[in-house]
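Presented below is the structure to which this report refers.
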2 protein chains.
Amino acid sequence: MSSVTIKDIAKLAGVSHTTVSRALNDSPLINPETKDRIKSIAGSLNYTPNYSARSLVLDRSYNLGLFFSTLHTGTSSGFLYEAIKGVNDVIKDQFNLIVRGIDDYKSYHNVNRKSFDGLIVMSQSASDQSFIEYAADKEIPIVVLNRPIDKVKVMNLVPDDQRGAYRVAEHLIEKGHRRIAIIEGKQGFKSTQARRDGYREALEKHGVPLRNEWIVPGNYDLESGYAGMNRLLDLKERPTAVFCSNDDMALGAIKAVTERGLRVPDDLSVVGFDDHLFSAFMSPALTTVRRPIEEISRAGAEKLLSFIEKKQVEKSTVYFHTELVIRDSVKTIAGGN
Amino acid sequence: MSSVTIKDIAKLAGVSHTTVSRALNDSPLINPETKDRIKSIAGSLNYTPNYSARSLVLDRSYNLGLFFSTLHTGTSSGFLYEAIKGVNDVIKDQFNLIVRGIDDYKSYHNVNRKSFDGLIVMSQSASDQSFIEYAADKEIPIVVLNRPIDKVKVMNLVPDDQRGAYRVAEHLIEKGHRRIAIIEGKQGFKSTQARRDGYREALEKHGVPLRNEWIVPGNYDLESGYAGMNRLLDLKERPTAVFCSNDDMALGAIKAVTERGLRVPDDLSVVGFDDHLFSAFMSPALTTVRRPIEEISRAGAEKLLSFIEKKQVEKSTVYFHTELVIRDSVKTIAGGN
DNA sequence: ATGAAAGCGCTAACAT
DNA sequence: ATGTTAGCGCTTTCAT
């Protein structure tokens, strides 16, 4: 069953295949009646264009890449979900959305202008710097989301993680806490550093002591939040509040607290980062920082589409506001307000 | 900057472009030395094949579709995540993985053998029956995951939801519960029905009364679990245990319970379905049913790849076991063991 | 072991 | 308003 082509239609319509091509592409050159006739024949034959052929001659692939640093550890399901949703909402039917982890590539060879009309990189880690440089070098239209990029100039949309972390840490201080720990994100992720920096900045600005034993590693997943909190609870001198670098870890951390018969926030306050879908439904509802990933994804997709259309890319960095979301996981203690 | 083609390589190598094509495709016909020479020239020119051209002549697109019923409500982030991960792990570099919601298509026109070498449908709802029939009719290699399909014969890999729901409901009964409510899944989703059926079957088999007011609607999201539980708590005669049709709703339901100053499982037992990543980290850890989505996705991808390779599809239904996961959200009450 | 030629399905420049 | 022709980059007969 070989499929129907414009030549088949041409034969039936008694015109040249060029005319069919033009008619199907709504060229103004074609007589309206001819056009209708051709279209109806195409419809009745159930014609569908061969995109490979069209791509070959037009030099467009109709593929858009949505690339994550990794699809394995460090990428939370909520993050993936929001990113895909945001992008997908914008591109609809016009493009194929190809989802992939950059670390799944053995070689970037197959990433090129012929195969991708544009690229959206959800960058989490500096490890994909080489990929971004590669793509920029190949002059593939590209937007990089989530992580601030240096060295190479691209359109770069990022949430203001440091400011958000600063705000949530300051919130703890305002509530009277002076013994504030942090469970950090995945090593090597830029967001890990930004959140740590915001935390430190707040503590320093308010003269709150920074103790090394209250800085524990994590990797953004539930288990690491659980383990990190256990380390903190084993300490002689416990903190009164813990800033978890994302909500997943906060959930794990709270688990560790309740397992010991302690309660959040009565015995220990916990805050997170991201404002995951589930955060409002945790018990207690989690105080956290909203990071507008879906919004950024949507904006990124819109930018990319306009670059492709205008055949012209802009290069700049746009920050998106993160926002403190106050819920019920922080207790006001002596001296707080 | 027009890119380098096999003709450019041919010129430099002093051979015909045919020879280049053969060399690059490792044809045994080509003299090993010529082959090496051509390959090294290709490498130094940074040649990448034009996939549109290759697709056109080979009649393969190198695209695989991973289609969900919807990318909007009803598809939880964990579900999306596991599906993508499972499929991606299998297909690696050989194909482009195109992710899309079926309800985003205005017309299926662009879904055809030329554009997709194969399709993986993560079917949640009967609403995508027409899509599946369309694809099967077009003879696109296809596997349908998650939802049992009737009428059209395809390779169909599904978790045994009903059996899982039966087991978890039975577990509640074994623990002494006889007042067991259900918060249902999204209307129209096959899984909703299967879980409801399993629940009913268990209650009937054990002579436990089925009360209409203990059957409340939901739609698989957190909010609906919260709302559903509130309805149950407002009842004159409350249940002692609630089966939430997925873990997301269980989280929302538990929120409703704790907000009223009640505790799980002391005052009310709650179980879920899916065994989300976060379920083990909830407080209390959630008793639920593991649904092996990642495993099914992987198996589906492998099947599909073999169909494409052998140019021959099998058609059958394979059930994957769901599994009761007992944690801490169920209390043993009088008469239980 | 290599080359010449044809053709995949489409669009577009150049007639008319 | 429509047709003729060429060509996108590749693979594949069919020669040699």
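- A salt bridge does not link B:Asp59 to B:Arg54: none of the charged nitrogens lies less than 4.0 Å from a carboxylate oxygen.
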Criterion side chain to side chain donor-acceptor pair (under 3.5 Å) on A:Asn146 and A:Arg291, from CA distance to verdict: CA-CA 10 Å; A:Asn146 193 53; A:Arg291 182 172 59 143; 3.1 Å; yes
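- No hydrogens or angles considered: a donor-acceptor pair under 3.5 Å links the side chains of A:Asn88 and B:Asp104.
- Both tests pass for B:Arg60 against the ring of B:Tyr62: distance under 6.0 Å to the centre and angle within 45° of the axis.
- Applying the side-chain hydrogen bond (donor to acceptor under 3.5 Å, both in side chains) rule to pairs touching residues 297-306 of chain A yields A:Asp89-A:Arg298, A:Glu294-A:Arg298, sequence neighbours excluded.
- Applying a 4.0 Å cut-off to non-hydrogen atoms, the residues of residues 46-63 of chain A that approach DNA chain D are A:Leu56, A:Val57, listed by residue number.
- The interatomic distance linking A:Leu29 (CG) with C:dA13 (C1') rounds to 12 Å, in whole Å.
- The CD1 atom of B:Ile30 sits 13 Å away from the P atom of D:dT12 (whole-angstrom rounding).
- Distance alone, capped at 3.5 Å, is enough to place a donor-acceptor pair between the B:Ser61 side chain and the B:Ser115 backbone.
- Between B:Tyr47 and B:Asp8 the shortest side-chain heavy-atom distance does not fall below 4.5 Å.
- In this structure, A:Arg100 is not positioned above the aromatic face of A:Phe68 in the sense of NZ or CZ being under 6.0 Å from the six-membered ring centre and within 45° of the axis.
- A:Ser16 meets the side-chain contact (heavy atoms from CB on, under 4.5 Å) test with A:Thr18, A:Thr19; sequence neighbours excluded.
- In this structure, a donor-acceptor pair under 3.5 Å is absent between the side chains of B:Ser55 and A:Tyr51.
- By the 4.0 Å N-to-carboxylate-O rule, B:Asp161 lies too far from B:Lys190 to be salt-bridged with it.
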Which pairs, protein N/O on one side and nucleotides 14-16 of chain D N/O on the other, fall under 3.5 Å?
none

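- Within residues 6-21 of chain B, the residues that place at least one heavy atom under 4.0 Å from DNA chain D are, in residue-number order, B:Ile6, B:His17, B:Thr18, B:Ser21.
- Atom pair A:Ile38:CD1 and D:dA1:C1' shows a separation of 11 Å (rounding to whole Å applied).
- With 3.5 Å as the limit, one finds a donor-acceptor pair spanning the side chains of A:Thr70 and A:Asp103.
- Axis deviation across the helix from C:dA1-D:dT16 to C:dT16-D:dA1 amounts to 40°, comparing end segments of five pairs, rounded to 10 degrees.
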Check step by step if ring-ring contact (aromatic ring centres under 6.0 Å, His included) holds for B:Phe67 and B:Phe116. CA-CA 12 Å; B:Phe67 289 7; B:Phe116 291 93; 5.6 Å; yes
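- Whole-Å rounding puts the A:Asn25 CG to C:dC10 P distance at 10 Å.
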